[in-house]
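Before any comments, here is the structure.
Below, all heavy atoms of this structure are taken into account, side chains as well, without hydrogens, waters or symmetry copies.
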Amino acid sequence: MRLPVAGMIAFLALGIVAARADDDVRERGAYVARTADCEACHTVPGQAPFAGGLEFHLPTGTLYAPNITPDARTGIGRYSEAEFIRAVRQGIRRDGATLYPAMPYPSYARMTDEDLHALYVYFMQGVKPVSHAVVQDGMTWPFSMRWPLAVWRWLFAPNPRDALQQSGARTFPDPLVARGSYLVEGPGHCGACHTPRAVTMQEKALTAVDGTLYLSGGGPVDGWRPVSLRGDNRTGLGRWNEQDIVRFLATGRMPLGAAFGGMTDAIAHGTQHMTPQDQLAIARYLKTLSPLTPMAEGWTYDPAAADALRGGDVSARGARLYVDNCAACHRTDGRAYPTTFPPLAGNPVVMDPTPDSLIRIVLAGNTLRATRQTPSAFVMPGFAARMNDQAVADTVTFIRAAWGNNAPPVSPSDVAAVRRTTTGGAAPASLPLN
């Protein structure tokens with residue numbers, strides 16, 4: 001039976017519309033995957049996207065990110081949409097076992113049905129299946145057992161229905177702030193790193209409603225300490241404006257600092273690909289967060305150290321080492337060359353009460369990666385091979401004391417503790433030294 005010409009045209013038009021709709025859903029799912037930072041955790045650099053195997057060194061052992069490509073044998077190819085959503089929101093695998101809470105399902109519980117549907121379609125139709133079996137054999141006993149994780153999940157992970165209802169009941173003065181709240185507290189799971197955790201490893205606050213501990217700075221993640229994202233003047237975002245935050249999310253660098261540690265990957269795989277509107281939404285939401293310590297003294301630049309160095313006075317502890325090893329890039333006034341070499345004067349990482357991140361950067365170096373808006377990479381080489389613990393402690397102590405930073409000194413034992421967990425110290429071979 002032949003269709004009339006008009007009917008054939010209508011049939012083809014419906015097919016085109018349906019295909020475009022499928023493309024739109026997949027495209028939205030790809031965007032949701034970026035906002036949720038899936039690739040940064042589930043991809044080993046230089047290997048297939050989402051194929052798993054990336055190592056996470058935890059106090060309980062080594063965790064390996066699973067394969068989340070749609071491979072039926074080693075990935076998530078057999079997951080139904082309901083099973084996929086249960087895994088993302090509740091941390092329950094297809095076989096009923098509980099995922100380790102390194103998977104931020106306490107945050108993902110707030111993701112909308114629409115976003116999760118698009119994410120499922122993207123992973124099943126837009127991601128190339130890769131056969132790569134990842135075995136979880138790095139966790140020490142008793143943490144290698146899965147059944148206690150179900151108890152942990154019952155005690156500390158929110159019920160998705162309740163989380164969505166609570167999110168829907170909140171009111172915001174600005175739609176951008178509402179969008180920023182969703183991105184930060186939900187798919188962006190910023191609190192997973194930037195919020196302190198209890199002894200039992202749950203985040204002490206999951207949203208801004210839970211109090212000022214939310215995003216007040218987290219514990220070490222692979223040796224790096226995530227800073228506060230609240231409005232604290234010295235150690236948070238108190239001196240950053242909205243455009244500073246937008247610039248940081250897009251490029252990993254801005255006049256007051258630069259990305260390091262896991263945030264480098266979060267920017268490379270995630271935030272730089274967000275729309276300017278979503279980047280602004282995150283910035284506007286973060287600027288609504290009050291300081292953890294509102295009465296704390298603010299940072300004010302003190303020129304005394306710069307004046308002494310310009311006058312040839314290197315009598316302060318670590319001053320000579322700083323001049324010989326650091327001043328060429330970071331300058332004697334500590335202001336450096338922002339967006340190329342980050343300033344040390346007034347830098348929240350420098351003034352953090354816990355100096356581990358600064359020590360690790362001195363030992364292992366850091367790379368400002370290229371992004372779409374900033375295509376040049378800049379590398380700071382590590383000094384682990386040429387400085388002993390005393391020299392690093394003296395240098396870091398000088399940096400933390402100078403230019404108004406006024407942070408406590410560092411001991412050689414502090415450096416030794418970080419050095420034991422630090423590898424490398426050289427720049428990647430694919431990147432030029434400056």
query = For Arg372, does the CZ atom have more than 12 heavy-atom neighbours from other residues, nucleotides or ligands under 6.0 Å away?
reply =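 Above 12, so yes.
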task = May I ask you to check whether over 12 heavy atoms, not counting those of Glu27, lie within 6.0 Å of atom CD?
result =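 No, because the 6.0 Å sphere around CD of Glu27 holds 12 heavy atoms or fewer from other groups.
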Measure the shortest side-chain to side-chain distance between [X] and [Y] over non-hydrogen atoms and say whether it is less than 4.5 angstrom.
| X | Y | answer |
| --- | --- | --- |
| Lys287 | Glu242 | yes |
| Arg419 | Asp389 | yes |
| Pro101 | Leu149 | yes |
| Leu280 | Gln243 | yes |
| Pro409 | Arg400 | no |
| Tyr322 | Leu309 | yes |
| Leu363 | Met387 | no |
| Leu176 | Gln277 | yes |

Just by distance, do the side chain of [X] and the backbone of [Y] share a donor-acceptor pair under 3.5 Å?
| X | Y | value |
| --- | --- | --- |
| Asp210 | Leu206 | yes |
| Ser216 | Leu213 | yes |
| Glu185 | Tyr182 | no |
| Arg34 | His273 | no |
| His189 | Tyr108 | no |
| Thr195 | Ala192 | no |
| Asp414 | Ser411 | yes |
| Thr43 | Pro49 | no |
| Arg225 | Gly218 | yes |
| His42 | Pro66 | yes |

Roughly how far, to the nearest 0.5 Å, is [atom2] of [Y] from [atom1] of [X]?
| X | Y | atom1 | atom2 | value |
| --- | --- | --- | --- | --- |
| Thr212 | Leu289 | OG1 | CG | 10.0 Å |
| Ile267 | Thr371 | CD1 | OG1 | 8.5 Å |
| Arg230 | Leu286 | CZ | CG | 10.0 Å |
| Ile85 | Asp115 | CD1 | CG | 10.5 Å |
| Met351 | Asn406 | CE | CG | 9.0 Å |
| His194 | Ser228 | NE2 | OG | 9.5 Å |

Judged by modelled atom types alone, do [X] and [Y] share a side-chain donor-acceptor pair under 3.5 Å?
| X | Y | answer |
| --- | --- | --- |
| Thr235 | Asp352 | no |
| Asp71 | Thr69 | no |
| Thr354 | Asp356 | no |
| Thr422 | Arg360 | yes |
| Asp232 | Thr293 | yes |
| Asp162 | Gln166 | no |
| Gln202 | Thr200 | yes |

Which heavy atom in [X] sits nearest to a heavy atom in [Y], and how many Å separate them?
| X | Y | value |
| --- | --- | --- |
| Ala345 | Tyr301 | CB-CE1, 3.9 Å |
| Gly346 | Arg239 | O-NH2, 2.6 Å |
| Thr264 | Arg369 | CG2-NE, 3.3 Å |
| Glu83 | Tyr79 | OE1-CA, 3.5 Å |
| Phe398 | Arg317 | CB-O, 3.3 Å |
| Arg310 | Thr332 | CG-OG1, 4.1 Å |

Arg26 vs Asp23, salt bridge (Lys or Arg N to Asp or Glu O under 4.0 Å): CA-CA, chis, key distance, verdict = CA-CA 5 Å; Arg26 280 194 298 271; Asp23 289 343; 2.3 Å; yes
inquiry  = Would Arg253 and Phe248 count as a cation-pi pair here, with the cationic atom under 6.0 angstrom from the ring centre and within 45° of the axis?
reply    = no
task = Tell me, with the steps shown, if Arg89 and Asp113 meet salt bridge (Lys or Arg N to Asp or Glu O under 4.0 Å).
result = CA-CA 10 Å; Arg89 275 185 175 156; Asp113 294 341; 2.6 Å; yes
request  = Show your working on side-chain contact (heavy atoms from CB on, under 4.5 Å) between Leu344 and Trp403 and close with a plain yes or no.
outcome  = CA-CA 9 Å; Leu344 301 176; Trp403 313 299; 3.9 Å; yes
inquiry  = Under 6.0 Å between ring centres: does that hold for Tyr122 and Tyr31?
reply    = no
request  = Quick one: do Leu249 and Ile245 satisfy side-chain contact (heavy atoms from CB on, under 4.5 Å)? Show the steps, please.
outcome  = CA-CA 6 Å; Leu249 294 173; Ile245 300 172; 4.1 Å; yes
request  = Kindly assign one of parallel, tilted or perpendicular to the pair Phe260 and Trp224, based on the angle between their ring planes and the thresholds 30° and 60°.
outcome  =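 Ring orientation, 0 to 90° scale: tilted.
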side-chain contact (heavy atoms from CB on, under 4.5 Å) assessment of Leu256 paired with Asn347 = CA-CA 6 Å; Leu256 297 180; Asn347 191 310; over 6 Å; no
Step-by-step side-chain contact (heavy atoms from CB on, under 4.5 Å) determination, Arg28 to Glu114 = CA-CA 10 Å; Arg28 176 177 176 174; Glu114 294 78 11; 3.3 Å; yes
